[in-house]
Amino acid sequence: ASKSATHDFLIKLLLIGDSGVGKSSLLLRFSDDSFSPSFISTVGIDFKLRSIRLGDSMIKLQVWDTAGQERFRTITSSYYRGAMGIMIVYSATDADSFNNVRHWIRNIKEHAAEGVCKILIGNKCDLKEKKVVEASRGQALADEYDMQFYETSAKADINVEDAFFALTEQVLAKL
Ligand code: GDP
């Protein structure tokens, strides 16, 4: 059977986490399948769109990036408004960013809609030599909050697509 090109769903996702963990890079990898070593965070993108097919549905994903707001701890309700799924990102090379995940979870609880879908991401898994947060710790933290967990690399293109798809599927399951 032929399928029309209309989108069945528009889903708003967003990225949260400490500055420098790779949020903009994950978004760029997912939306443009590219990686830029440096300039992104200074530019500050608001959101990008990508359409995906899941089963019989065409889904338009609108994925928001903080554009650096997190440096000023000014992430408030306006950023979270309408968000259906949230990627909480830390860097496997940055212990502080992992410890701050609990801060971000509290922030979400305070500002986002109740019951919003969340997924935990340990990015920069390509940097094996510099790794300070083992995947088992990420998994344990994710289990504590009943979240799925992925280690990703925006640079080496590891698990990025899978992580976005997993979050989208969670959101769809709740609709
Ligand atoms: P943001 O502040 O969370 O948006 O982080 P950026 O996307 O700006 O990334 C911060 C720095 O980490 C940049 O220099 C990126 O090139 C680098 N980076 C991001 N993701 C990865 C990754 O998966 N692996 C490696 N090796 N570097 C990354």
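Just the heavy atoms: all of them, side chains too, but no hydrogens, waters or symmetry mates, feed the values below.
Annotation: side chain of Ser25 is not in contact with side chain of Lys155 (no heavy-atom distance under 4.5 Å). Put simply, the side chain of Lys60 does not reach to within 4.5 Å of the side chain of Ile11, judged on heavy atoms. With a 4.5 Å cut-off on side-chain heavy atoms, Val132 and Asp94 do not count as touching. For the pair Asp18/Trp104, a side-chain contact is recorded, criterion being any heavy-atom separation below 4.5 Å from C-beta on. Leu28 is listed as a side-chain neighbour of Lys48, based on a closest heavy-atom distance under 4.5 Å. Residues Ile108 and Ile88 form a side-chain contact, since some pair of their non-hydrogen atoms from C-beta on lies under 4.5 Å apart. In this structure the side chain of Glu151 never reaches within 4.5 angstrom of the side chain of Glu134, judged on heavy atoms.
Taking all atoms of both residues into account, the shortest heavy-atom contact from Ala163 to Thr152 is CB-CG2, 4.3 Å. The two residues Cys117 and Lys174 have their closest heavy-atom pair at SG-CD, 3.8 Å. Nearest heavy-atom pair across Val133 and Ala95 is CG2-CA, 4.1 Å. Here the shortest heavy-atom pairing between Phe149 and Gln139 reads CD2-OE1, 3.5 Å. The two residues Ala156 and Asp126 make their nearest non-hydrogen contact at CB-CB, 4.1 Å. Considering all non-hydrogen atoms of both residues, Gly22 and Lys124 come closest at N-CE, 4.5 Å.
In the model, Asn107 has a side-chain atom that pairs as donor or acceptor with a side-chain atom of Tyr80 under 3.5 Å. A donor-acceptor contact under 3.5 angstrom links the side chains of Asp65 and Ser24, judged on distance only.
Looking at Ser97, its side chain does come within 3.5 Å of a backbone N or O of Ser91 through a donor-acceptor pair. The main-chain N or O of Ala142 is never found under 3.5 Å from a side-chain atom of Lys118 such that the two would form a donor-acceptor pair. Although no hydrogens or angles enter the test, the distance criterion places no donor-acceptor pair under 3.5 Å between the side chain of Asn159 and the main chain of Tyr150. Within the 3.5 Å criterion, the main-chain N or O of Ser34 finds no donor-acceptor partner in the side chain of Asp32.
With values rounded to the nearest 0.5 angstrom, Gln170 atom CD is found 14.5 Å from Phe165 atom CZ. The NZ atom of Lys23 sits 13.0 Å away from the CE atom of Met87 when rounded to the nearest 0.5 Å. Taking CG of Leu172 as the reference point, atom OG of Ser57 lies at 6.5 Å (rounded to 0.5 Å). To the nearest 0.5 Å, the span separating CG on Leu15 from CZ on Phe30 amounts to 10.5 Å. The line from CD1 of Ile121 to CE of Met147 is 9.5 Å long, rounded to the nearest 0.5 Å. Note that CZ of Phe164 is 11.5 Å distant from CZ of Arg29, once rounded to the nearest 0.5 Å.
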Requested in this report: Test side chain to side chain contact (heavy atoms under 4.5 Å, CB included) on Ile119 and Ile86 and set out the steps.
Outcome: CA-CA 6 Å; Ile119 195 167; Ile86 303 179; over 6 Å; no
**Report entry** Audit row: Leu120, Tyr90, side chain to side chain contact (heavy atoms under 4.5 Å, CB included) steps and yes/no
**Finding:** CA-CA 8 Å; Leu120 183 64; Tyr90 69 87; 4.0 Å; yes
Query - CA sep, side-chain torsions, deciding dist, call: Phe98, Leu141, side chain to side chain contact (heavy atoms under 4.5 Å, CB included) - result: CA-CA 9 Å; Phe98 179 70; Leu141 183 61; 3.6 Å; yes
Requested in this report: Apply the test side chain to side chain contact (heavy atoms under 4.5 Å, CB included) to residues Glu169 and Leu54: give CA-CA distance (whole Å), side-chain angles for both, the deciding distance (0.1 Å), then the verdict.
Outcome: CA-CA 8 Å; Glu169 278 178 358; Leu54 266 181; 3.4 Å; yes
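Crowding of Lys131 atom NZ: a count of heavy atoms from other residues, nucleotides or ligands under 6.0 Å exceeding 12.
Hydrophobic clustering (ILVMFWY, side-chain heavy atoms < 4.5 Å, transitive): Ile158 and Leu26 are in distinct clusters. Hydrophobic clustering (ILVMFWY, side-chain heavy atoms < 4.5 Å, transitive): Leu127 and Val89 are in distinct clusters.
Aromatic ring orientation, Trp64 versus Phe47: tilted (interplanar angle from 30° to 60°).
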